[in-house]
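The structure under discussion appears below in the form of structure tokens.
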Amino acid sequence: MSNVTVIGAQWGDEGKGKIVDWLASRADIVVRFQGGHNAGHTLVVGNQTYKLSLLPSGLVRGKMGVIGNGVVVDPEALLKEIDRVTAQGLEVTPKTLRIAENVPLILPVHGAIDRAREEARGDRKIGTTGRGIGPAYEDKVARRAIRLCDLAEPETLDWKLDELLLHHNTLLAGLGAPTFTKAELLEHMNALAPRVLPYMDTVWDLLDDARRAGRRILFEGAQAVMLDVDHGTYPFVTSSNTIAANAATGSGVGPGTVGFVLGIAKAYSTRVGEGPFPSELHDEMGRTLGTRGHEFGTVTGRPRRCGWFDAVLVRRAVRVGGINGLALTKLDVLDGLPEIKVCVGYELDGKEIRSFPSAPAAQARVTPVYEAMEGWTDSTRGARSWADLPAQAIKYVRRIEELVEAPVTLLSTSPERDDTILMRDPFEG
């Protein structure tokens with residue numbers, strides 16, 4: 001049996017929550033390996049709707065959840081999320097949730113610097129959530145991060161806060177924002193430590209034992225490939241690597257443990273926040289897609305920008321993300337449209353190009369090249385087999401496979417967990 005890694009193949013919000021929930025029911029352990037509480041998964045189970053930002057989705061199915069070292073954790077946000085889902089009936093205890101001892105922590109100073117810098121950018125905002133994720137990753141790379149294990153060593157926490165505040169207070173003062181005192185951060189961390197330290201574990205060891213025992217591991221990505229700090233639409237990206245290769249680094253396992261890589265993509269495109277979006281629709285069709293698809297961010301509540309499926313960017317996600325198969329979601333949103341378009345290339349300065357440029361000025365000048373396809377009048381909502389799909393819907397799916405150079409191995413036709421057409425079981429490799 002293979003392990004499975006799930007990543008987004010667009011800009012996030014592709015419906016990973018349902019797919020991860022569907023796969024988690026057959027996994028033993030579900031691992032978050034990157035991102036922070038700037039990403040969210042919505043899971044609908046019976047009459048309950050769970051909105052998760054940090055907690056691995058497998059907890060909803062009673063499976064062990066693991067937060068790997070590649071995640072940045074805001075302890076206060078984590079505890080609030082645990083309290084919220086516990087009130088909904090979930091059991092989240094140190095027996096069901098383990099957190100890597102070397103996970104970097106997000107402190108109040110990180111959110112403050114995040115928001116102050118974003119404000120200072122003016123009309124060149126990146127569109128961050130202002131929750132401190134980027135500054136926390138910066139501290140990790142700069143070797144001044146406070147990690148979970150530091151909460152158990154008061155003397156370590158003491159000198160690390162000195163170094164951290166020397167850097168961040170200088171920046172905050174320069175931006176005209178309030179600074180922080182060591183005493184208030186110490187008080188904040190010491191109050192949280194007794195509640196979060198019981199979850200701490202040597203996660204790399206735990207996962208290796210699970211691998212050796214033949215247990216199924218599901219690695220759950222946040223955001224998506226086009227928000228990857230290296231391979232996405234830089235600088236309008238997140239601050240971590242979102243591709244499947246980081247599942248290994250971000251959880252402490254070897255690359256062979258990653259297993260089958262399932263990329264999630266909507267049957268159209270959406271994006272939250274700033275940044276290039278070649279196939280974005282600013283007309284009534286864009287508003288129609290947003291209304292039908294209920295396109296609002298899980299974490300921020302911000303309306304998502306909507307557009308046609310961009311096969312060029314998804315093909316790039318397939319290649320750099322290591323995607324073995326696609327899970328295509330929200331096909332039913334396209335029901336009843338007389339014509340559907342797919343972006344198959346771009347035009348830049350009068351020349352057709354087949355890949356998205358990296359330079360920001362070139363990105364701003366790109367215009368999409370579309371291929372039009374006939375739509376379908378029958379409903380695809382709730383379909384559970386190919387025989388339930390209209391012929392034109394099948395043609396649309398097949399054309400996407402050709403353009404992105406990867407098979408659609410799973411098709412989601414509604415938010416309901418069982419409204420799924422499975423062509424290939426990812427856990428079978």
Could you pull out all residues at least two apart from [X] that satisfy ring pair (Phe, Tyr, Trp, His ring centres under 6.0 Å)?
{"X": "Phe180", "value": "none"}
{"X": "His168", "value": "His110"}
{"X": "Tyr199", "value": "none"}

Run the side-chain hydrogen bond (donor to acceptor under 3.5 Å, both in side chains) test against [X] and tell me which residues pass, sequence neighbours left out.
{"X": "Ser414", "result": "Asp419"}
{"X": "Gln10", "result": "none"}
{"X": "Glu284", "result": "Arg287"}
{"X": "Ser385", "result": "Asp388"}

Which pairs would a plain distance check flag for residues 68-79, meaning a side-chain donor or acceptor within less than 3.5 Å of a matching protein atom at least two apart in sequence or in another chain?
unit_1, atom_1, unit_2, atom_2, d
Asn69, ND2, Thr249, O, 3.1
Asp74, OD1, Glu76, N, 3.0
Asp74, OD1, Ala77, N, 3.2

Legend entry - Qualifying ring-ring contact (aromatic ring centres under 6.0 Å, His included) pairs with a residue from residues 325-361, counting only residues at least two apart or across chains: Tyr346-Phe356
Legend entry - Sequence neighbours excluded - salt bridge (Lys or Arg N to Asp or Glu O under 4.0 Å) pairs with any residue from residues 261-278: Lys266-Glu295
Inset, instruction - Please name all residues satisfying side chain to side chain contact (heavy atoms under 4.5 Å, CB included) with Pro390, sequence neighbours left out, ordered by chain then number. - result: Trp376, Asp378, Thr380, Ala393
Over all atoms of both residues, closest heavy-atom pair of [X] and [Y]:
{"X": "Gly286", "Y": "Cys306", "result": "O-CB, 3.6 Å"}
{"X": "Met423", "Y": "Leu410", "result": "CE-N, 3.7 Å"}
{"X": "Pro56", "Y": "Leu97", "result": "CD-CD1, 4.0 Å"}

Inset, instruction - Would you mind reporting whether Glu352 and Glu347 have side-chain heavy atoms less than 4.5 Å apart? - result: no
Side-chain ion pair, [X] and [Y], N-O less than 4.0 Å:
{"X": "Glu81", "Y": "Lys51", "answer": "no"}
{"X": "Asp114", "Y": "Arg131", "answer": "no"}
{"X": "Glu374", "Y": "Lys341", "answer": "no"}
{"X": "Arg304", "Y": "Asp13", "answer": "yes"}

Legend entry - Sequence-distant partners of Arg365, salt bridge (charged side-chain N to carboxylate O under 4.0 Å, His left out), two or more places apart: Asp349
Inset, instruction - Apply the side chain to side chain donor-acceptor pair (under 3.5 Å) test between Asp139 and each candidate in His167, Arg147, Arg144; give the one that qualifies. - result: Arg144
Inset, instruction - State whether Trp386 and Arg398 meet the cation-pi test: NZ (Lys) or CZ (Arg) under 6.0 Å from the six-membered ring centroid, and within 45° of the perpendicular axis. - result: yes
Legend entry - Arg216 to Phe427 six-membered ring, cation-pi geometry met (6.0 Å, 45°): yes
